[in-house]
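Some notes on the structure that comes next.
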Amino acid sequence: MPEVTIVGAGPVGMLLAAELTRREVEVTVLERRPSAGGGTRAIGIHSPVLAALEPSGITERLLAEAVRVRRGEARTRGRVLGTVRFDALSARFPFVATLPQAATESVLAAVAPAALRGAHVRAVIPRLGGVVVRSTHLGRVLEHESRVVVVAGGAAGRDLVYRQGAVRAREYRDRYLMTDAVAGPRPDSEVAVVHLDPDGVLESFPLPGGRRRFVAWDDPGADDEPAARAARLRDALARRGEQAAAAAVAEATGFGVRRVVAPRLRNGRVFAIGDTAHEVSPIGGQGMNLGLLDAATLAPLIASWLHTGTPPDQALARWEARRVASARRAAAMASMNTVLGRPFPCADALRRSVVSAMLTGPSGRLFARAYAMDFDADA
Ligand SMILES: Cc1cc2nc3c(=O)[nH]c(=O)nc-3n(C[C@H](O)[C@H](O)[C@H](O)COP(=O)(O)OP(=O)(O)OC[C@H]3O[C@@H](n4cnc5c(N)ncnc54)[C@H](O)[C@@H]3O)c2cc1C
(Lines give C-alpha, C1' and ligand atoms only; values in the text may rest on other atoms or scores of the structure.)
Protein backbone atom coordinates (compact mmCIF):
# COMPACT_ATOMS: atom_id res chain seq x y z
CA MET A 1 0.00 0.00 0.00
CA PRO A 2 1.43 3.47 -0.86
CA GLU A 3 2.04 5.42 2.30
CA VAL A 4 0.40 8.74 1.35
CA THR A 5 -2.16 9.65 -1.32
CA ILE A 6 -2.39 13.34 -2.20
CA VAL A 7 -5.47 14.67 -3.96
CA GLY A 8 -4.55 17.56 -6.28
CA ALA A 9 -1.37 18.51 -8.14
CA GLY A 10 -1.66 22.26 -7.59
CA PRO A 11 1.28 24.05 -5.97
CA VAL A 12 0.37 22.84 -2.47
CA GLY A 13 -0.12 19.16 -3.38
CA MET A 14 3.08 19.15 -5.42
CA LEU A 15 5.15 20.73 -2.66
CA LEU A 16 3.87 18.17 -0.16
CA ALA A 17 4.66 15.35 -2.61
CA ALA A 18 8.20 16.70 -3.09
CA GLU A 19 8.82 17.16 0.63
CA LEU A 20 7.55 13.66 1.50
CA THR A 21 9.55 12.05 -1.31
CA ARG A 22 12.68 13.84 -0.04
CA ARG A 23 11.96 12.14 3.32
CA GLU A 24 11.65 8.71 1.67
CA VAL A 25 7.88 8.43 1.98
CA GLU A 26 6.10 6.72 -0.92
CA VAL A 27 3.53 9.09 -2.43
CA THR A 28 0.75 8.84 -5.03
CA VAL A 29 -0.68 12.09 -6.43
CA LEU A 30 -4.09 12.07 -8.14
CA GLU A 31 -5.00 15.04 -10.34
CA ARG A 32 -8.21 15.47 -12.31
CA ARG A 33 -6.76 17.86 -14.92
CA PRO A 34 -5.25 16.01 -17.87
CA SER A 35 -2.33 18.45 -18.16
CA ALA A 36 -0.55 21.10 -16.12
CA GLY A 37 -0.85 24.83 -16.77
CA GLY A 38 -3.96 26.92 -17.14
CA GLY A 39 -4.69 30.46 -16.04
CA THR A 40 -2.27 32.53 -14.03
CA ARG A 41 -3.08 33.27 -10.38
CA ALA A 42 -0.50 33.65 -7.58
CA ILE A 43 2.62 35.68 -8.31
CA GLY A 44 4.19 36.63 -4.98
CA ILE A 45 6.24 34.30 -2.75
CA HIS A 46 7.10 35.65 0.69
CA SER A 47 10.17 35.25 2.89
CA PRO A 48 8.81 32.55 5.30
CA VAL A 49 8.03 30.29 2.33
CA LEU A 50 11.41 30.93 0.69
CA ALA A 51 13.09 30.13 4.02
CA ALA A 52 11.04 26.92 4.47
CA LEU A 53 11.92 25.70 0.96
CA GLU A 54 15.62 26.52 1.17
CA PRO A 55 16.80 23.10 2.47
CA SER A 56 15.21 21.31 -0.51
CA GLY A 57 16.88 23.59 -3.07
CA ILE A 58 13.45 24.76 -4.32
CA THR A 59 14.09 28.36 -3.23
CA GLU A 60 17.22 28.60 -5.35
CA ARG A 61 15.27 27.38 -8.39
CA LEU A 62 12.41 29.82 -7.75
CA LEU A 63 14.76 32.76 -7.27
CA ALA A 64 16.56 31.95 -10.52
CA GLU A 65 13.31 32.87 -12.31
CA ALA A 66 11.80 35.53 -10.05
CA VAL A 67 11.93 39.31 -9.75
CA ARG A 68 12.93 40.45 -6.24
CA VAL A 69 10.50 43.18 -5.21
CA ARG A 70 12.14 45.11 -2.37
CA ARG A 71 9.74 48.04 -2.15
CA GLY A 72 6.09 48.87 -2.63
CA GLU A 73 4.41 52.24 -3.03
CA ALA A 74 0.85 53.41 -2.42
CA ARG A 75 0.01 56.21 -4.83
CA THR A 76 -2.96 58.45 -5.30
CA ARG A 77 -3.47 60.59 -8.37
CA GLY A 78 0.20 60.04 -9.25
CA ARG A 79 1.45 61.20 -5.80
CA VAL A 80 3.21 58.78 -3.41
CA LEU A 81 1.12 58.31 -0.25
CA GLY A 82 3.52 55.95 1.50
CA THR A 83 6.22 53.34 0.94
CA VAL A 84 6.44 49.72 2.12
CA ARG A 85 10.09 48.70 2.63
CA PHE A 86 10.54 44.92 2.43
CA ASP A 87 14.30 45.53 2.23
CA ALA A 88 14.21 47.03 5.74
CA LEU A 89 12.79 43.83 7.27
CA SER A 90 15.12 41.60 9.24
CA ALA A 91 13.91 38.59 7.26
CA ARG A 92 16.03 35.85 5.67
CA PHE A 93 14.77 37.08 2.27
CA PRO A 94 14.00 40.83 2.52
CA PHE A 95 11.88 40.98 -0.64
CA VAL A 96 8.83 39.42 -2.30
CA ALA A 97 9.82 37.04 -5.12
CA THR A 98 7.41 37.37 -8.05
CA LEU A 99 6.90 34.85 -10.83
CA PRO A 100 3.77 33.42 -12.50
CA GLN A 101 2.08 30.54 -10.66
CA ALA A 102 2.69 28.28 -13.68
CA ALA A 103 6.45 28.88 -13.29
CA THR A 104 6.24 28.05 -9.56
CA GLU A 105 4.30 24.89 -10.41
CA SER A 106 6.88 23.79 -12.97
CA VAL A 107 9.73 24.29 -10.46
CA LEU A 108 7.75 22.08 -8.02
CA ALA A 109 6.90 19.52 -10.71
CA ALA A 110 10.61 19.07 -11.41
CA VAL A 111 11.21 17.80 -7.85
CA ALA A 112 7.87 16.03 -7.15
CA PRO A 113 6.82 12.57 -8.36
CA ALA A 114 4.61 12.69 -11.48
CA ALA A 115 0.88 12.86 -10.75
CA LEU A 116 -1.63 10.38 -12.17
CA ARG A 117 -3.47 12.85 -14.40
CA GLY A 118 -7.11 12.54 -15.42
CA ALA A 119 -7.88 10.87 -12.06
CA HIS A 120 -10.93 12.64 -10.61
CA VAL A 121 -11.30 11.78 -6.93
CA ARG A 122 -14.95 11.15 -5.97
CA ALA A 123 -14.67 9.97 -2.37
CA VAL A 124 -12.26 9.65 0.55
CA ILE A 125 -13.27 6.74 2.78
CA PRO A 126 -11.53 6.09 6.14
CA ARG A 127 -11.04 2.38 7.00
CA LEU A 128 -9.33 0.64 9.90
CA GLY A 129 -5.56 1.33 9.56
CA GLY A 130 -5.88 3.18 6.26
CA VAL A 131 -7.93 5.35 3.92
CA VAL A 132 -9.42 4.49 0.53
CA VAL A 133 -9.50 7.13 -2.21
CA ARG A 134 -12.00 6.36 -4.95
CA SER A 135 -11.48 8.07 -8.31
CA THR A 136 -12.56 7.77 -11.91
CA HIS A 137 -9.84 7.54 -14.54
CA LEU A 138 -10.36 6.93 -18.27
CA GLY A 139 -13.88 5.65 -17.61
CA ARG A 140 -12.77 3.20 -14.89
CA VAL A 141 -13.24 3.36 -11.13
CA LEU A 142 -9.91 3.20 -9.24
CA GLU A 143 -9.39 2.61 -5.53
CA HIS A 144 -6.12 3.60 -3.85
CA GLU A 145 -5.66 2.57 -0.24
CA SER A 146 -2.95 4.30 1.78
CA ARG A 147 -2.04 5.02 5.39
CA VAL A 148 -2.59 8.77 5.16
CA VAL A 149 -4.56 10.95 2.70
CA VAL A 150 -4.00 14.66 2.18
CA VAL A 151 -6.58 16.62 0.20
CA ALA A 152 -4.91 19.58 -1.54
CA GLY A 153 -7.61 19.93 -4.17
CA GLY A 154 -8.19 23.69 -3.87
CA ALA A 155 -11.73 24.91 -3.26
CA ALA A 156 -13.04 21.95 -5.30
CA GLY A 157 -11.55 19.51 -2.80
CA ARG A 158 -13.54 20.86 0.14
CA ASP A 159 -16.58 18.61 -0.39
CA LEU A 160 -14.34 15.54 -0.13
CA VAL A 161 -13.38 16.29 3.47
CA TYR A 162 -15.92 18.62 5.09
CA ARG A 163 -19.61 17.93 5.66
CA GLN A 164 -21.91 20.28 3.78
CA GLY A 165 -22.30 23.50 5.79
CA ALA A 166 -19.40 22.67 8.16
CA VAL A 167 -17.21 25.39 6.66
CA ARG A 168 -18.66 28.83 6.15
CA ALA A 169 -17.74 30.77 2.98
CA ARG A 170 -18.11 34.52 2.93
CA GLU A 171 -18.59 35.94 -0.57
CA TYR A 172 -17.53 39.55 -1.05
CA ARG A 173 -19.44 41.78 -3.45
CA ASP A 174 -16.16 42.99 -5.00
CA ARG A 175 -15.05 42.03 -8.51
CA TYR A 176 -11.67 42.59 -10.13
CA LEU A 177 -10.12 42.63 -13.59
CA MET A 178 -6.68 41.11 -14.06
CA THR A 179 -4.05 40.71 -16.75
CA ASP A 180 -0.31 40.12 -17.07
CA ALA A 181 1.08 42.42 -19.76
CA VAL A 182 4.38 43.71 -21.10
CA ALA A 183 4.86 47.08 -19.44
CA GLY A 184 8.02 48.22 -21.25
CA PRO A 185 11.06 49.80 -19.59
CA ARG A 186 10.20 52.07 -16.64
CA PRO A 187 11.99 53.50 -13.60
CA ASP A 188 9.78 51.54 -11.16
CA SER A 189 10.30 48.17 -12.92
CA GLU A 190 11.06 46.41 -9.59
CA VAL A 191 8.58 48.34 -7.41
CA ALA A 192 5.09 47.10 -6.51
CA VAL A 193 2.60 49.94 -6.96
CA VAL A 194 -0.89 50.21 -5.50
CA HIS A 195 -2.96 53.10 -6.87
CA LEU A 196 -5.72 54.14 -4.46
CA ASP A 197 -8.10 56.48 -6.23
CA PRO A 198 -11.76 57.43 -5.77
CA ASP A 199 -12.79 54.77 -8.31
CA GLY A 200 -11.05 51.89 -6.50
CA VAL A 201 -7.72 50.12 -6.33
CA LEU A 202 -5.38 49.32 -9.21
CA GLU A 203 -2.42 47.11 -8.35
CA SER A 204 0.66 46.88 -10.56
CA PHE A 205 3.26 44.26 -9.65
CA PRO A 206 6.53 43.46 -11.43
CA LEU A 207 6.94 40.08 -13.12
CA PRO A 208 9.92 38.55 -14.94
CA GLY A 209 10.53 39.48 -18.60
CA GLY A 210 9.45 43.14 -18.33
CA ARG A 211 5.86 42.11 -17.63
CA ARG A 212 3.60 43.32 -14.85
CA ARG A 213 0.47 41.96 -13.17
CA PHE A 214 -2.35 44.51 -13.21
CA VAL A 215 -5.44 44.06 -11.04
CA ALA A 216 -8.19 46.69 -10.96
CA TRP A 217 -11.37 46.93 -8.91
CA ASP A 218 -14.36 46.46 -11.23
CA ASP A 219 -18.03 47.36 -11.09
CA PRO A 220 -19.80 44.13 -9.98
CA GLY A 221 -22.70 44.91 -12.34
CA ALA A 222 -20.55 45.61 -15.42
CA ASP A 223 -20.71 43.72 -18.74
CA ASP A 224 -18.82 40.39 -18.42
CA GLU A 225 -18.09 39.99 -22.16
CA PRO A 226 -14.31 39.50 -22.74
CA ALA A 227 -13.99 42.56 -25.00
CA ALA A 228 -15.83 44.76 -22.49
CA ARG A 229 -13.62 43.52 -19.63
CA ALA A 230 -10.43 44.28 -21.60
CA ALA A 231 -11.75 47.76 -22.51
CA ARG A 232 -12.51 48.57 -18.86
CA LEU A 233 -9.04 47.45 -17.75
CA ARG A 234 -7.40 49.55 -20.51
CA ASP A 235 -9.46 52.50 -19.32
CA ALA A 236 -8.51 51.92 -15.65
CA LEU A 237 -4.81 51.78 -16.60
CA ALA A 238 -4.96 54.88 -18.79
CA ARG A 239 -6.63 56.83 -15.96
CA ARG A 240 -3.58 56.07 -13.75
CA GLY A 241 -1.09 57.18 -16.41
CA GLU A 242 -0.25 53.57 -17.45
CA GLN A 243 -0.62 54.34 -21.19
CA ALA A 244 1.98 51.80 -22.42
CA ALA A 245 0.42 49.00 -20.37
CA ALA A 246 -3.09 50.02 -21.49
CA ALA A 247 -1.97 49.68 -25.11
CA ALA A 248 -0.57 46.19 -24.38
CA VAL A 249 -3.77 44.80 -22.79
CA ALA A 250 -5.40 42.32 -25.16
CA GLU A 251 -7.59 40.53 -22.62
CA ALA A 252 -8.61 40.62 -18.97
CA THR A 253 -9.96 37.92 -16.71
CA GLY A 254 -12.51 38.74 -14.04
CA PHE A 255 -12.59 37.26 -10.56
CA GLY A 256 -14.49 37.60 -7.31
CA VAL A 257 -13.24 36.98 -3.77
CA ARG A 258 -14.21 34.66 -0.95
CA ARG A 259 -13.11 34.10 2.62
CA VAL A 260 -13.06 30.57 4.01
CA VAL A 261 -11.15 29.39 7.07
CA ALA A 262 -11.89 25.83 8.16
CA PRO A 263 -11.47 25.29 11.91
CA ARG A 264 -10.01 21.76 11.49
CA LEU A 265 -7.35 20.43 9.11
CA ARG A 266 -7.14 16.86 10.40
CA ASN A 267 -9.56 14.05 10.97
CA GLY A 268 -7.60 10.92 11.92
CA ARG A 269 -5.59 9.89 8.85
CA VAL A 270 -7.16 12.51 6.56
CA PHE A 271 -5.77 16.06 6.22
CA ALA A 272 -6.93 19.16 4.30
CA ILE A 273 -4.40 21.82 3.31
CA GLY A 274 -4.09 24.80 0.96
CA ASP A 275 -7.21 26.32 -0.58
CA THR A 276 -9.22 23.24 0.45
CA ALA A 277 -8.87 24.43 4.06
CA HIS A 278 -8.67 28.19 3.60
CA GLU A 279 -9.30 30.69 0.84
CA VAL A 280 -8.34 34.31 1.27
CA SER A 281 -8.87 37.29 -1.01
CA PRO A 282 -6.02 37.59 -3.54
CA ILE A 283 -5.97 41.31 -2.66
CA GLY A 284 -3.16 40.67 -0.20
CA GLY A 285 -1.38 37.94 -2.11
CA GLN A 286 -1.05 35.30 0.61
CA GLY A 287 -3.31 32.37 -0.36
CA MET A 288 -0.74 30.17 -2.06
CA ASN A 289 1.88 31.10 0.53
CA LEU A 290 -0.38 29.89 3.34
CA GLY A 291 -0.87 26.57 1.57
CA LEU A 292 2.84 26.15 0.82
CA LEU A 293 3.58 26.66 4.52
CA ASP A 294 0.85 24.10 5.41
CA ALA A 295 2.63 21.56 3.19
CA ALA A 296 6.20 22.40 4.25
CA THR A 297 5.34 22.11 7.96
CA LEU A 298 3.12 19.01 7.64
CA ALA A 299 5.63 16.91 5.66
CA PRO A 300 8.10 16.23 8.52
CA LEU A 301 5.23 15.24 10.87
CA ILE A 302 3.71 12.75 8.42
CA ALA A 303 7.18 11.37 7.61
CA SER A 304 7.90 10.86 11.32
CA TRP A 305 4.52 9.11 11.75
CA LEU A 306 5.15 6.73 8.86
CA HIS A 307 8.78 6.00 9.77
CA THR A 308 8.06 5.33 13.47
CA GLY A 309 4.56 3.86 13.13
CA THR A 310 3.23 6.27 15.80
CA PRO A 311 1.17 9.35 14.94
CA PRO A 312 2.74 12.44 16.57
CA ASP A 313 -0.69 13.53 17.81
CA GLN A 314 0.44 16.39 20.01
CA ALA A 315 2.72 17.86 17.36
CA LEU A 316 -0.07 17.49 14.79
CA ALA A 317 -2.53 19.28 17.08
CA ARG A 318 -0.05 22.15 17.50
CA TRP A 319 0.52 22.19 13.72
CA GLU A 320 -3.23 22.42 13.11
CA ALA A 321 -3.66 25.25 15.65
CA ARG A 322 -0.76 27.21 14.12
CA ARG A 323 -2.02 26.82 10.56
CA VAL A 324 -5.62 27.80 11.45
CA ALA A 325 -4.33 30.87 13.35
CA SER A 326 -2.14 31.85 10.39
CA ALA A 327 -5.06 31.46 7.96
CA ARG A 328 -7.29 33.64 10.18
CA ARG A 329 -4.60 36.33 10.31
CA ALA A 330 -4.09 36.27 6.52
CA ALA A 331 -7.85 36.35 5.94
CA ALA A 332 -8.22 39.39 8.21
CA MET A 333 -5.39 41.20 6.40
CA ALA A 334 -6.87 40.34 3.00
CA SER A 335 -10.31 41.60 4.14
CA MET A 336 -8.79 44.90 5.23
CA ASN A 337 -7.02 45.28 1.86
CA THR A 338 -10.24 44.42 0.03
CA VAL A 339 -12.19 47.09 1.92
CA LEU A 340 -9.46 49.74 1.46
CA GLY A 341 -9.43 48.99 -2.28
CA ARG A 342 -13.11 49.81 -2.79
CA PRO A 343 -14.21 53.05 -4.46
CA PHE A 344 -14.77 55.75 -1.84
CA PRO A 345 -16.09 58.67 -3.91
CA CYS A 346 -17.18 60.61 -0.81
CA ALA A 347 -14.54 59.51 1.72
CA ASP A 348 -11.42 59.46 -0.43
CA ALA A 349 -9.60 62.04 1.72
CA LEU A 350 -10.29 59.90 4.80
CA ARG A 351 -8.89 56.81 3.06
CA ARG A 352 -5.79 58.76 2.00
CA SER A 353 -5.13 59.80 5.62
CA VAL A 354 -5.73 56.26 6.94
CA VAL A 355 -3.36 54.70 4.38
CA SER A 356 -0.75 57.39 4.84
CA ALA A 357 -0.83 56.89 8.65
CA MET A 358 -0.67 53.09 8.21
CA LEU A 359 2.48 53.34 6.10
CA THR A 360 4.38 55.87 8.21
CA GLY A 361 6.86 55.16 11.05
CA PRO A 362 6.38 52.10 13.28
CA SER A 363 2.96 51.25 11.78
CA GLY A 364 4.61 51.24 8.33
CA ARG A 365 7.11 48.64 9.55
CA LEU A 366 4.27 46.57 11.06
CA PHE A 367 2.36 46.73 7.76
CA ALA A 368 5.45 45.59 5.80
CA ARG A 369 5.90 42.67 8.23
CA ALA A 370 2.22 41.71 7.99
CA TYR A 371 2.24 41.93 4.18
CA ALA A 372 5.42 39.81 4.02
CA MET A 373 3.80 37.18 6.32
CA ASP A 374 6.24 37.76 9.15
CA PHE A 375 3.36 37.16 11.60
CA ASP A 376 2.58 33.69 10.22
CA ALA A 377 2.89 31.23 13.10
CA ASP A 378 5.48 29.27 11.09
CA ALA A 379 7.52 32.28 9.91
C1 LIG B 1 -6.63 35.95 -9.38
C2 LIG B 1 -5.88 35.28 -8.27
C3 LIG B 1 -4.65 35.81 -7.88
C4 LIG B 1 -3.95 35.21 -6.83
N5 LIG B 1 -2.76 35.75 -6.44
C6 LIG B 1 -2.09 35.22 -5.39
C7 LIG B 1 -0.81 35.75 -4.97
O8 LIG B 1 -0.26 36.69 -5.54
N9 LIG B 1 -0.21 35.15 -3.92
C10 LIG B 1 -0.73 34.06 -3.28
O11 LIG B 1 -0.12 33.56 -2.32
N12 LIG B 1 -1.92 33.54 -3.68
C13 LIG B 1 -2.60 34.08 -4.70
N14 LIG B 1 -3.78 33.51 -5.12
C15 LIG B 1 -4.28 32.29 -4.47
C16 LIG B 1 -3.60 31.04 -5.05
O17 LIG B 1 -3.76 30.97 -6.44
C18 LIG B 1 -4.19 29.80 -4.39
O19 LIG B 1 -4.13 29.99 -2.99
C20 LIG B 1 -3.39 28.54 -4.76
O21 LIG B 1 -3.53 28.23 -6.12
C22 LIG B 1 -3.91 27.35 -3.93
O23 LIG B 1 -3.18 26.22 -4.26
P24 LIG B 1 -3.77 24.76 -3.99
O25 LIG B 1 -2.73 23.81 -4.49
O26 LIG B 1 -4.26 24.67 -2.59
O27 LIG B 1 -5.08 24.68 -4.90
P28 LIG B 1 -5.22 24.76 -6.49
O29 LIG B 1 -4.17 25.64 -7.08
O30 LIG B 1 -6.63 25.09 -6.75
O31 LIG B 1 -4.90 23.28 -6.98
C32 LIG B 1 -5.78 22.23 -6.65
C33 LIG B 1 -5.59 21.10 -7.66
O34 LIG B 1 -6.42 20.01 -7.25
C35 LIG B 1 -7.10 19.49 -8.39
N36 LIG B 1 -8.36 18.87 -7.94
C37 LIG B 1 -9.43 19.49 -7.39
N38 LIG B 1 -10.40 18.60 -7.09
C39 LIG B 1 -9.91 17.38 -7.45
C40 LIG B 1 -10.45 16.07 -7.40
N41 LIG B 1 -11.67 15.82 -6.90
N42 LIG B 1 -9.69 15.04 -7.88
C43 LIG B 1 -8.44 15.27 -8.37
N44 LIG B 1 -7.89 16.50 -8.46
C45 LIG B 1 -8.62 17.54 -7.99
C46 LIG B 1 -7.33 20.71 -9.27
O47 LIG B 1 -7.51 20.35 -10.62
C48 LIG B 1 -6.03 21.50 -9.06
O49 LIG B 1 -5.02 21.15 -9.97
C50 LIG B 1 -4.49 34.08 -6.17
C51 LIG B 1 -5.72 33.56 -6.58
C52 LIG B 1 -6.42 34.15 -7.61
C53 LIG B 1 -7.75 33.58 -8.03
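Start at 1 and go down the list; that is how both ligands and their atoms are numbered.
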List ligand 1 atoms under 4.0 Å from L30, heavy atoms only on the residue side. 43 (C), 44 (N)
Should you measure from each heavy atom of A156, which atoms of ligand 1 turn up under 4.0 Å away? 37 (C), 38 (N)
Give the numbers and elements of all ligand 1 atoms closer than 4.0 Å to a heavy atom of F255. 1 (C)
Would you mind finding which of G291, P11, G10 brings a heavy atom closest to atom 23 (O) of ligand 1? P11
Does any N or O atom in D275 lie less than 3.5 angstrom from one in ligand 1, N or O only? yes
Just go through R258, R33, R41 and tell me whose heavy atom is the nearest to atom 4 (C) of ligand 1. R41
G44 neighbourhood, listing ligand 1 atoms whose heavy-atom distance to it stays under 4.0 Å: 8 (O), 9 (N)
Applying a strict 4.0 Å limit to heavy atoms, is A119 in contact with ligand 1? yes
Contact partition for M178 relative to ligand 1, non-hydrogen atoms under 4.0 Å: side chain
Looking only at protein heavy atoms, which one is nearest to atom 25 (O) of ligand 1, and how far off is it? V12 N, 3.1 Å
Side chain or backbone of A155 under 4.0 Å from ligand 1, or both, or neither, by non-hydrogen atoms? neither
Per-residue contact class, Q286 against ligand 1 - non-hydrogen pairs under 4.0 Å: backbone
